[in-house]
Amino acid sequence: MSTAFGQSTVLGYPRIGANRELKKAVEAYWAGTIDAEALAATAAGLRAQVWRTLRDARLDAIPSNTFSYYDQMLDTAVAVGAVPDRFTRLGLSALDTYFAMARGVDAEPALELTKWFDTNYHYLVPEIAPDTVFTANPAKALDEYAEARDLGITTRPVFVGPATFLLLAKGVDPFARLDDLVQTYARILAELAHAGVSWVQLDEPAYAADRSPAEIDALRRAYTRLGDLTHRPRIFVATYFGDLGDALPALLDTPVDAVGLDLVAGAGNLHRLAAAGPLGGKTIVAGLVDGRNVWRTDLRAAVAAGATVAGLADHVAVSSSCSLLHVPVDLSAETHLDPRLSERLAFARQKVDEIVVLGRALRDGTTALPAPLPATPANWRHDDVRGRLAALRPADRQRGDYPTRAARQQERLGLPELPTTTIGSFPQTAELRRARAAHRAGSLDDAGYASRMRTEVEQVVRLQEQLGLDVLVHGEPERNDMVQYFGEQLDGFAATRHGWVQSYGSRCVRPPIIYGDVSRKAPMTVAWSTYAQSLTSRPVKGMLTGPVTILAWSFVRTDQPLADTADQVALALRDECRDLESAGIRVIQVDEPALRETLPLRRADQKTYLDSRWRRSGWPPAASPTTPRSTPTCATRSSAR
């Protein structure tokens, strides 16, 4: 029975399209320039393209129902009937009701949007009221399964699992509704089985975080009940983002057919699996290929880990550690990258190839794997950067006495007791985007682009003066993204041209890649800040993105401790602070919206992480003999993105 799963699979795949086709179609639908039929046609084309790509790569088991117009949690809410009354009473079509839940409509607020665990993806939080009536609605999953079958491709529908769905929802005590929800999942499984579905994937990532005994028992109860159903597909419970802890033996104790384990972020899962004893004929789906970063897999190390799993289970399949929606689609589009960097990278399409190779290696026992990468290029390592890090002392990580600094700052700034300012960036208008696109395309030269941006800066400054603000900003019209902007100006970073990743809904970002030692080539913000300051007698803030956020929203190198990379970024930003200060900028704002975003999911790991980040990150800028006496006010801003 288990071997029908095959040797290789993925937990999910990017759904936005290689050129963000989904984003463009969805936004066109919202704008009213295409109708629902045209949107559906684009979606169907993207789904077919993904399924064919995975089939042609010789992947054994292919997922479906991973496509979403907006978010997989929202899709699952619709599938189980958890649609709040304020949306159902609007009388909209099913599609417009779906988008109303995502975006709000008229006076009805959207569902809350928040981070998906410690990733840069955002999900919509389901709302469950005491009177919510769960109703099985697997139409989307069944339609997509039928679409793939018409292409000659058998797929495995994917849903967020019932325990994670309840733990991430808001409203009543989550497990007060467990029995009702599990019964709804049972109906969904029965309908899938009736349609010929042989496997279903239920995702339970919530158990990579700390969970109480009652929450673990709820997982056991849910999957015991679902596993005991007589009319159901085989059940694959996928977990990811870390160690399962005590939830792993609980899950293995249920009659599900396959369990997926993240062996990249959750190395402890292997030890737990070894201690679990007989696995009762279950398939173990080993997440050996990192689904969250863009570096090539060490195939020999992955084969060794897979062989260990194979010694413990009757059947092993290889997979991504999590869904591949967290990485760009295809490296082959990045023809401008240094070949020495490209050969070290793997986007979603390349990771599928790695998974297939690993699955065959485990099946055949072969050692015919691609050759290891050559040594890291020497010019990616900078002795001067490493020397600066080695020279840092504990005193370099402490600012001067606050009362003394505050007195000097007030003497220089002369601000009222409660000064007013804004967060920083002003709207990126359509006109600004057109100017940036024209500059990128070469139809607007550097001088013309700079002139357009200076005009915008002056308008922003005059507006703030008219409003009576005390501390002004230049509005950041020249910045494409608060991390990408700095990544494009720092050594050790590479920018992609097509490396889009979905952040939420139609919002896509292109995270830079940190591949080498980080240093600053030249001042990055000084010219814009000083220009703005020349327009007014009021202080204008220098605006920087902090090192923690830069790391959190980049693909970070893995060949050195994260804290070392944070130190390198922090030193580059400290150099920028000094240049801003020397240029007469009296206030510097450091944006850290991702301050706690990458905090480990388990409390036992958090103190080490926080100590490493703040004791080693070199931020705030150190007081030192070379720091000018008139240190500017430096404010760190943390917020949700």
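The closest side-chain heavy-atom distance from Pro233 to Ser198 is not below 4.5 Å. Annotation: side chain of Leu251 is not in contact with side chain of Tyr207 (no heavy-atom distance under 4.5 Å). Between Leu74 and Tyr69 there is no side-chain heavy-atom pair separated by less than 4.5 Å. Residues Ile235 and Val200 are in side-chain contact: their nearest non-hydrogen atoms beyond the backbone lie under 4.5 Å apart.
Looking at Arg177, its side chain does come within 3.5 Å of a backbone N or O of Thr132 through a donor-acceptor pair. Side-chain N or O atoms of Thr164 include none that pairs as donor or acceptor with a backbone N or O of Gly161 at under 3.5 Å. With hydrogens and angles disregarded, no donor-acceptor distance shorter than 3.5 Å links the side chain of Thr545 to the backbone of Val483. Checked by atom type and distance alone, the side chain of Glu215 pairs as donor or acceptor with a backbone atom of Ser212 at under 3.5 Å. Using modelled atom types, no side-chain atom of Asp591 and backbone atom of Met543 make a donor-acceptor pair closer than 3.5 Å.
Ring orientation note: the planes of Tyr121 and Trp116 are nearly perpendicular, at an angle over 60° on the 30°/60° scale.
The structure places OG1 of Thr421 at 8.5 Å from CG of Asp470, a figure rounded to the nearest 0.5 Å.
Summarising the local packing, CD of Glu431 is surrounded by 12 or fewer heavy atoms from other residues, nucleotides or ligands at distances under 6.0 Å.
The stretch residues 28-40 participates, sequence neighbours left out, in these side chain to side chain donor-acceptor pair (under 3.5 Å) pairs: Tyr29-Asp96.
Residues that satisfy the side-chain hydrogen bond (donor to acceptor under 3.5 Å, both in side chains) test with Arg187, not counting sequence neighbours, are absent from this structure. Checked against ring-ring contact (aromatic ring centres under 6.0 Å, His included), His439 has the following partners two or more places apart in sequence or in another chain: Tyr449. Residues passing the ring-ring contact (aromatic ring centres under 6.0 Å, His included) test with Tyr145: none are found, sequence neighbours excluded. Shown here are the side-chain hydrogen bond (donor to acceptor under 3.5 Å, both in side chains) partners of Gln502, two or more places apart in sequence or in another chain: Arg15. Residues passing the side-chain hydrogen bond (donor to acceptor under 3.5 Å, both in side chains) test with Arg497: none are found, sequence neighbours excluded.
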